[in-house]
Number of protein chains: 2
Amino acid sequence: MMAKTKTDMREAVMTAARATVQSHGYNALSFRELAKEVGIKSASVHYHFPTKGDLGAALARRYTEEGAAYLAEILASSEDATWRMDRYTEIFRSALANDNRMCLCGIMSAELDDLPTEVRTEVDKFAAMNVGWLAKVLSRVRPSASDQDLQEHAMATFAAIEGAQLVARGCRDIGIYDRTIRAYRATGLFP
Amino acid sequence: MMAKTKTDMREAVMTAARATVQSHGYNALSFRELAKEVGIKSASVHYHFPTKGDLGAALARRYTEEGAAYLAEILASSEDATWRMDRYTEIFRSALANDNRMCLCGIMSAELDDLPTEVRTEVDKFAAMNVGWLAKVLSRVRPSASDQDLQEHAMATFAAIEGAQLVARGCRDIGIYDRTIRAYRATGLFP
DNA sequence: ACCTGAACACCGTTCAAGT
DNA sequence: ACCTGAACACCGTTCAAGT
């Protein structure tokens with residue numbers, strides 16, 4: 001039997017689309033441009049993703065899935081909270097290092113009012129997934145804290161890191177991200 | 001002599017455009033839509049603002065000017081750092097309270113790669129203006145800190161607050177903003 | 001000085017038609 | 001099952017023309 005050499009167009013479209021969104025946002029996604037990149041016509045892209053909202057939601061869903069898998073690995077690798085937070089902040093750093101890109105869901109949050117509801121739902125799930133993970137990490141450091149307090153602290157940590165990425169990106173200066181994360185830690189916002 | 005009753009179209013366009021950007025971002029700005037709102041044709045909008053970049057830059061420039069004026073008032077009104085930070089965080093809160101809007105320059109940062117250079121320049125100036133102000137406020141609380149440290153601390157504070165706004169907006173829940181700001185203060189990130 | 005209509009190359013989406 | 005061309009109503013921009 002032959003190996004499956006045939007390019008999976010659906011996958012090719014998603015890969016190209018994800019890069020565009022992380023660099024330019026959801027609004028900048030163009031079916032015609034995408035079609036050109038993968039070598040089909042724009043009407044054919046609609047065969048795989050009936051609307052732009054379907055494509056956006058699929059992107060966000062996969063982004064959350066992949067993120068959750070990686071975060072689970074981090075949890076399994078070490079119990080040290082500082083090490084875990086090092087890995088976590090590195091994720092957002094590497095997006096900036098990679099051509100000044102942003103967290104897919106962070107950039108989509110900014111475009112919120114333009115997003116179809118399917119996409120919004122997935123963006124919400126990404127934030128919830130991250131906050132849940134952070135609360136787990138923080139609970140090791142603050143074993144006596146209430147669930148409510150941990151949730152708030154985790155939300156604040158997530159927001160602070162997203163903000164550091166947003167501002168550093170705006171200034172096109174990854175050093176700003178590094179210094180901001182250091183300042184967060186110096187004040188004790190997270191381990 | 002008659003009062004100047006004639007509507008200043010340039011001003012009308014800017015007012016409508018600013019509301020659109022804070023709600024939907026720079027990409028969502030449409031000259032045709034804007035023209036409809038103020039009662040002229042889209043070609044006439046181009047008379048006042050030759051390109052969309054000119055309009056975006058004019059919006060950001062004025063936003064920074066108005067912000068700087070308000071922040072100067074806060075500085076003049078009281079020397080209390082906590083009171084000053086209360087007023088500062090309130091600014092970002094009121095954007096959310098006003099129809100889930102965002103900081104004009106925060107939302108533009110997310111769209112950075114789509115922005116013409118004139119607009120980017122103005123977005124940078126807004127961030128620098130805010131960080132400068134915050135450094136001044138923080139210097140009262142940390143009189144022995146170096147300029148370098150104050151600048152980093154101010155940048156971290158700015159990024160954290162922008163992030164709180166971004167995430168709360170993404171979740172369409174102003175309570176998240178309030179709780180996040182409270183958590184920042186609980187850890188001592190700012191007064 | 002300010003506004004307009006018409007044209008240009010773009011966009012997402014639909015649909016009947018091809019293989 | 002997957003792709004296409006043609007059409008639709010949108011977009012920013014340009015420009016010659018009006019007052």
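Every heavy atom of this structure was used, including side-chain atoms; hydrogens, water molecules and symmetry mates were not. All values reported here derive from a predicted model rather than from experimental measurement.
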Of all of residues 14-30 of chain B, which get a heavy atom below 4.0 angstrom from DNA chain C, listed by number? none
N/O-N/O pairs, protein side and nucleotides 13-17 of chain C side, under 3.5 Å:
unit_1, atom_1, unit_2, atom_2, d
C:dT13, OP2, A:K52, N, 2.8

Take B:T51 and B:D54 through the side chain to side chain donor-acceptor pair (under 3.5 Å) test and state the conclusion after the steps. CA-CA 5 Å; B:T51 69; B:D54 291 321; 3.1 Å; yes
Can you give each donor-acceptor pair under 3.5 Å made by side-chain atoms of residues 34-43 of chain A, sequence neighbours left out, with the distance rounded to 0.1 Å?
none

Would you check if A:R185 and A:D86 make a side-chain contact, meaning some heavy-atom pair closer than 4.5 Å? yes
Count I, L, V, M, F, W, Y as connected when their side-chain heavy atoms are under 4.5 Å apart, and connections chain through other members. Are A:V141 and A:Y184 then in the same cluster? no
Applying ring pair (Phe, Tyr, Trp, His ring centres under 6.0 Å) to A:Y88 and not counting sequence neighbours gives A:F92, A:W133
Phosphate OP1/OP2 of C:dT4 contacted by B:S44 side-chain N/O (<4.0 Å): yes
Which of D:dC11, C:dT4, D:dC3 is nearest the side chain of B:I40? It is C:dT4
Testing A:R84, A:M85, A:E90 for side-chain contact (heavy atoms from CB on, under 4.5 Å) with A:I74, which one passes? A:R84
With a 4.0 Å cut-off, would you call A:R62 and A:E11 a salt bridge? yes
Should A:Y63 and A:E122 count as side-chain neighbours, where that means a heavy-atom distance under 4.5 Å? no
Is there a side-chain contact between A:E152 and B:R182 (heavy atoms, below 4.5 Å)? yes
In whole angstrom, what separates A:K41's NZ from D:dA7's P? 16 Å
Starting from C1' on D:dA1, measure out to CG on A:D8 and report it in whole angstrom. 13 Å
Between atom CG in A:D114 and atom C1' in D:dC11, what is the gap in whole Å? 14 Å
Round to a whole Å and report the spacing from CE of A:M9 to C1' of D:dA1. 14 Å
Given side chains that start at C-beta, do those of B:L71 and B:M129 come closer than 4.5 Å, heavy atoms only? yes
Answer yes or no: does a side-chain N or O of A:Y47 lie under 4.0 Å from OP1 or OP2 of D:dC2? yes
Results of ring pair (Phe, Tyr, Trp, His ring centres under 6.0 Å) for A:H46 - residues two or more places apart only: A:F31
Consecutive-pair stems (3 or more, Watson-Crick or G-U, under 3.5 Å) for DNA chain C: C:4-8 with D:12-16, C:12-16 with D:4-8
